[in-house]
Amino acid sequence: MGTEFGCLTYCGPNIEDLKDEFKKLIVKKDELQELVNEAKRKGEVINPHVLNWLSMVEEMNSEVSRFEDEVKRRRRCLNWLSLSRTAQKIKQHVLHLLKEGKFQNIAHPAAPQIQNVARPAAPQTIRPTLTAGVRGPKSRITVMNHVLEALKNEKIRMVGICGMDGVGKTLMAEEIIQIVQGKLFDAVVKIVVSPNPNITKIQAEIADKGRERILCERILIVLDDVWSVLDFEAIGLPLGPSHKGCKVLLTSSNLDVCYEMGSQKNFTLPMLTTEEAWELFQETIGEPLDADPDLCGIAKALTNECGGLPFSVVTIAKELQNNKSKYEWANALQQLKAHEIPPQAYYSNIKLCYERLENDELKSCFLLCCLFPQGYDIPIDYLVRYAWGQGIISDRFDSVEAARMRVHFLVVKLKRRFLLLDSSKEGCTKMHGVVHGVAISIASQDMDLFMVQDQAGYRSWQIKPPCKQYTAVSLNDVNIDNRIVTGLGYQKLELLQLKNTHISESSLESMLAGMMKLQVLYLLHTGFSGLSTSIRVLPRYLRTLSLDDCALGDISSVWKLENLEILSFARSNIKVLPKEVAHLQQLRLLDTTDCSYLKEIPRGILSTLSKLEELYMTRSFNKWEPAEEVDLSKEGEIRMASLAEVMSLTSKNLTVLAIDIPDFKLFPEDEVLLKKETTRFHISICKANTFRMPQPLDYGFKNTVKLVGDAKEFIKNGDIRFLLKYSRALYFREAKNLNCVLNDQVSFQGLEALSIQNSKQGTESLISDRTGETAFLQLKSLELNEIPDLIAIWQGQLQNHQSFGNLRSLQISCCSELRCAFPVSIARNLVQLQSLVVYLCEKMQEIVSNEGMEDEIDAPSKVAFPNLTELNLSGVSNLVSFYIANQPCNSKPEMAETWSSNQGNEAGGSSSKKSKILLPPYCISWLKNLEELEVKLSSKIEVLFDLEGQMVQGNTEEIPVSFTQLRKVCLTNLNQLAHLWKNVPCRIRCFENLRFLTVLSCDSLKYLFSYSVAKQLVGLEELKISYCRTMKTIVELQYKEEIESTRILFPKLSLRLEDLSSLVSLSEGVDADNTFVWPSTRVTPSTTINESDDSDNLECLEVEDCESLQVIFQPKESNYAHKFTKIKRLVLKALPMLIDIWEMGSQQIDGFRNLRWLEVHGCEQMTYLFSPSIVKLLISLEQIKVMDCWMMEEIVAETEAEHAEEIELPLVNSIMLRNLPNFKRVCTEAYTLKCPSLAELVYIECNPKLKIKLDLGVLRTVPAENASVLKQREEIKIPVRDNESGGYQQREQVRKVDGGFLTHIVKVAWEFELETTGLQDNALFHRT
């Protein structure tokens, strides 16, 4: 009976808790149902997991109703134990449903209904939600839409999805099946092929669908996980013109297989971005991790270690899902870094990929890459030198250059199998971290060939040196212990790499002594005093020696390495090339790149190296002497090498030459520098440091020439004419009279990169008018900088449609006379252009000019930039428009300014009467794939986008569409800019991928968006607006009929506002019932037009220098009930009129529960921080900073409380109060403010009569005279909260307190407070 009464005591609370949680669930369900209804009205397809959740809630509703009936029936019975247990059980189910009811995507647009397979309608953009965690990140949506477009193309029969194992190919194929089944295709057959396909099983699966159906209906065959070429006829799958209804979608980790099978379109699935991987990790865990900073930091490190591979992210997250111990997570991070936890299935797949490589060359190249640290940009030329030294490829090729071509081919093959990845650095490749770990495991454990150790692994090696006989050892970032290296014998070792390793010369000598078969020694950034003795113990048949980035001493003993073929001192401090190098008669490659200290190469060394094939001396020795006979009067002086020695090499075996020459006059008159057209060269003819190249030399460079001086002079030299003719990259600096060089187009038909900088005279144009002649057919990159005479890229009209046809990048800067970038005749050829940058061209009025084509009405239709993704226009102060129709380039500026007038408003106005529009309608159609737009320092532009007439043919009607790929827009110092958007069509679909928008110093802007545009910006993540002094609102509602039932705006926004002196609201409209409208002295930063829900994802709000603001949040019961549920950071600075953050007397609200950081600076009129009702909401608040608020009197405001009440900020760990001279109290006696987690309290330059004390977690103010003096250097005991028991314990603190810094302590039982003298910014209280 006692147990029964005990339960009865707690039965009531259990049932009450159930009621409270169930009410939340019903509210959540109703909000979600409203969104579902709205999506259905739009014709979208509701995602299955959303419908499933709603169904489970209905079932829970029934269960709770039955339970309520049971409670009523048994309310007079004492035996409530079973009811209490049932209530507790049901509550857990309700909590689980609440947790599961967080959906990033509710629905996706339905795939278009296709009535005619032969002529499918243009598709709408499909926004799928990928299952099993990958919920539609942009990188996936883009690839998926490309795949769907290819499947709808009647000319394409086979499509491939490729990518690294674990990147999500199968997942995407399954999502595509859901989209196309029953719409684009009548039936779908999915077959898992696997590495060892069972032909009989595949035939049976196809037969199940009926071979006759395949031949006569629209059917999609999905072949998943294809490892090798399949014979379609053998499996009963005929393809060809007679079977147009059958298409194939295949997934593979081998791009070559897709090509060999005849796939017409292949799409590579990329890695997740850092943001996408983090979102996936949190989704898999099932809850946000921001509440625990330590755990969040470890989780982000774990995610980064996964390298954007979805399979790894999901696997790690699932392993840690039910264990939130930071120690367990930290241990998992260490294991992941040490490659100890690659999933077994993943390890098996990569090993199988390795085993199926066609030959030993591919396998060796793959294993060589694991010698470098994880994530390292691996120079492909290092692989060349390693493979050559080990004899992997040198036995098959008679030159290093031929071997280089082979290694590059091998790297491409490995990339097509996704065992290697592209690198952002030229001439490099990368290996994914997971693949790197598997490769090390294969090489070191399975094959006992390699040992790769970093600092962590080396610690264990110090304890017990490995006894295996490795063929390759790589030690990265380690300090080698002298005790370990003594006596180490690696009799079979062929390759040793020490990178960022510290070792003494004696230790290195001991280490090398036993390596009698060593063929490759690579020391990079290795610290030691010298190599003189170490070189002596190296085996005589060492073939590759690299001493890159090393501090070298005497290396004259290198002559003993008589079989050395590759020798590199790149980026070392070598000063003199020792004459003993002349004894290395087998040397094929010598590299002194970036050896800036190298001043001496004695004459006769280079000419004796008869087998030398490659000489690299860029940014190194350039003190070449003339080749005249020796002057007897200078006998005894050391003579330097001459170009004649280099020329003697070119007539023999030299195939690659990279040197710097100070003056072209050093060329001998009776000889030529290069004897063979096949010699690859990188030659700079100028004084030292004229060309600053911070990037390291790409050893795979194409023929490059760098020239300084008067073109009329150096064009007379035969060697220079030869170099110009065969160059692929040409750089001119401080050159004159370039027209005499550039007009000879016969010399530049193969040119791919051209850069002209600081050309002072004689460069009026790149090419003069030569009708019908082709120019720069292969040019990909063009840079024009500081050319004051330049008035046109091409003088006259370019008639040939192939000229500039391959141009990818164009940069024009500081060309003061240029009035347009290029005419229409050139613009129509720039179909490959990807990046256009124009900087500080003061007279430029337009980018594209119709000069010479004024009479052609259809001139704009001849222009398109389908591949342009980056447009940067900075400092083009007179720019009026991207293109002014029928306005010649050389017309006067005032004519362009008055070309037309009568600006219309954003929603209307005829485009024919507009002027000063950066992107008028006909230009917008040119830039369909633009991703980044930056416009700075222009005093003419009034409108950014004119969207009039932007239409695309849809299934049944025309759907406005524009700039769907634009991701980033930055606008700075556009003084006349009045509108970002004008003439916005109804129901337009535009800017949906815009993520970052920055607007600075645009003083004519009164608002940023109309509602019709704002509702499209569903992807906007970061909005920064600063110094726009006339801006009154952010979102303006121009017409009442614009408002739709779904009024949620900017679901992902982080907002920063600074110095907006006229701002009065964030949204303003014509109907106060449908919009947030505030008086001119109040501002409510709203992200919705009306009610909000869990899709309100504003996370960060910063407001600065807004002089009119008096209120930040002005809650109303009708629309603030569940608002700002995601906001985490709130920063308010320099708001001199601000009175309230949350207006006093607001109705009950339920937002701000995720606010973690609150910072208030320079808000002079504020007298309090919170009201008691707001404090109760701030359950996640961790840090509070209040500074320079002169009128601030209290933290919690005084209200008419009926009785004493305890309020709590449970997670606040840091409070800073500084320069609050009128501060009176924490709160009134009617309230008790508890801060149980407080770890730091700073109270500086505030009211000197008051102090703050902490009393068992309660903050109180006390008179300063009650403080007792703390003796200098006194040890103190501090009460700290025990997280397990919830109580306080007294613990010794080792901290010594210096009376010069901390002078007072208030000590009452377990209470204490430290006070500063006000001279230093020290924390008053630090909890241990």
Side-chain angles (χ1 to χ4, degrees), residues 379-409 411 426-428 519-520 522 542-548 558 561 563-572 574 577 581-582 584-595 598 601 605-622 624 641 643 645-661 673-684 696-705 723 726-729:
I380 297 177
D381 218 66
Y382 285 6
L383 302 179
V384 174
R385 300 177 187 190
Y386 289 7
W388 181 276
Q390 282 193 284
I392 296 173
I393 54 177
S394 57
D395 295 339
R396 293 186 52 197
F397 299 94
D398 56 1
S399 71
V400 178
E401 179 75 343
R404 180 177 291 104
M405 296 300 103
R406 180 63 178 179
V407 171
H408 276 270
F409 168 76
V411 169
E426 289 290 333
C428 295
Q519 295 179 313
V520 177
Y522 175 67
L542 186 76
R543 301 180 66 184
T544 297
L545 175 61
S546 291
L547 306 173
D548 297 350
V558 72
L561 304 175
N563 291 301
L564 196 64
E565 298 184 32
I566 295 176
L567 177 60
S568 175
F569 304 111
R571 301 175 301 280
S572 71
I574 185 174
L577 188 69
V581 171
L584 304 178
Q585 290 300 302
Q586 302 301 317
L587 198 64
R588 293 173 178 259
L589 184 152
L590 176 61
D591 186 359
T592 64
T593 301
D594 287 311
C595 292
L598 182 59
I601 298 181
I605 295 179
L606 297 179
S607 59
T608 58
L609 302 176
S610 58
K611 291 188 177 181
L612 195 67
E613 299 174 9
E614 301 188 1
L615 177 61
Y616 300 96
M617 302 181 70
T618 301
R619 299 188 293 273
S620 178
F621 175 82
N622 70 343
W624 306 99
L643 290 179
E645 294 185 70
V646 177
M647 292 176 173
S648 68
L649 295 174
T650 62
S651 63
K652 300 176 184 176
N653 298 304
L654 199 68
T655 58
V656 180
L657 176 63
I659 59 172
D660 293 348
I661 303 171
L673 179 63
L674 301 179
K675 303 294 194 303
K676 296 178 290 185
E677 297 176 0
T678 56
T679 301
R680 193 159 54 89
F681 56 83
H682 186 291
I683 298 177
S684 176
L697 179 70
D698 172 17
Y699 290 94
F701 57 77
K702 295 182 179 180
N703 290 348
T704 301
V705 177
L723 296 175
Y726 292 100
S727 63
R728 294 295 176 264

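Checked for salt-bridge contact, R619 and D660 miss the test: no charged N lies under 4.0 Å from a carboxylate O.
Side-chain contact between T678 and T655: absent, with no pair of heavy atoms (C-beta onward) separated by less than 4.5 Å. Annotation: side chain of T618 is not in contact with side chain of D594 (no heavy-atom distance under 4.5 Å). Looking at L577 and L590, their side chains come closer than 4.5 Å, going by heavy atoms from C-beta outward.
Considering OG1 of T704 and CD1 of I683, their distance stands at 9.5 Å, rounded to 0.5 Å. The line from OG of S572 to CG of D591 is 9.5 Å long, rounded to the nearest 0.5 Å. A distance of 10.0 Å separates CG of L587 from CG of L545, quoted to the nearest 0.5 Å. The CD1 atom of I566 lies 13.0 Å from the CG atom of L584; values are rounded to the nearest 0.5 Å. Atom OH in Y616 sits 8.0 Å away from atom OG1 in T593 (nearest 0.5 Å). To the nearest 0.5 Å, the span separating CG on L383 from CZ on R404 amounts to 11.5 Å.
Each of K611, R543, E565 was compared with Q586 under the side chain to side chain donor-acceptor pair (under 3.5 Å) criterion, and only K611 meets it.
Across every non-hydrogen atom of I605 and A582, the tightest pair is CG2-N, 4.2 Å. In plain terms, the two heavy atoms of T650 and L674 that are nearest each other are CG2-CD2, 3.9 Å. In this structure, R588 and S399 approach most closely via the heavy-atom pair NH1-CA, 4.2 Å. Between W388 and A403, the shortest heavy-atom distance links the atoms CE3-CB, 3.7 Å. The minimum heavy-atom distance between L643 and I659, with the atom names listed, is CD2-CD1, 4.1 Å. Between L612 and L649, the shortest heavy-atom distance links the atoms CD2-CD1, 3.9 Å.
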message: Under the criterion side-chain contact (heavy atoms from CB on, under 4.5 Å), I'd like the reasoning laid out for C595 against R571: C-alpha separation, chi angles, the key distance, then a yes or no.
response: CA-CA 5 Å; C595 292; R571 301 175 301 280; over 6 Å; no
- request: Report the C-alpha distance between L654 and L615 in whole Å, list the side-chain angles of each, state the deciding distance to 0.1 Å, and finish with yes or no for side-chain contact (heavy atoms from CB on, under 4.5 Å).
  value: CA-CA 8 Å; L654 199 68; L615 177 61; 4.3 Å; yes
task: Starting from the C-alpha separation in whole Å, work towards a yes-or-no answer on side-chain contact (heavy atoms from CB on, under 4.5 Å) for I601 and M617.
output: CA-CA 11 Å; I601 298 181; M617 302 181 70; 3.0 Å; yes
message: Please determine whether side chain to side chain donor-acceptor pair (under 3.5 Å) holds for the pair D548 and S546, giving the CA-CA distance in whole Å, both sets of side-chain angles, and the decisive distance to 0.1 Å.
response: CA-CA 6 Å; D548 297 350; S546 291; 4.6 Å; no
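Without hydrogens or angle criteria, E613 side chain to V400 main chain gives a donor-acceptor distance under 3.5 Å. Between the side chain of E614 and the main chain of V656, no donor-acceptor pair closer than 3.5 Å is present. Side-chain atoms of D381 never come within 3.5 Å of backbone atoms of G427 as a donor-acceptor pair (strictly under, hydrogens ignored). In this structure a side-chain-to-backbone donor-acceptor pair under 3.5 Å is present from S620 to T592.
Atom NZ of K702 has 12 or fewer neighbouring heavy atoms from other residues, nucleotides or ligands inside a 6.0 Å radius.
Two rings, from Y522 and Y382, have their centers less than 6.0 Å apart.
By the 6.0 Å and 45° rule, R680 stacks over the aromatic ring of F701. Cation-pi contact between R385 and Y699: present, with separation from the ring centre below 6.0 Å and deviation from the ring axis of at most 45°.
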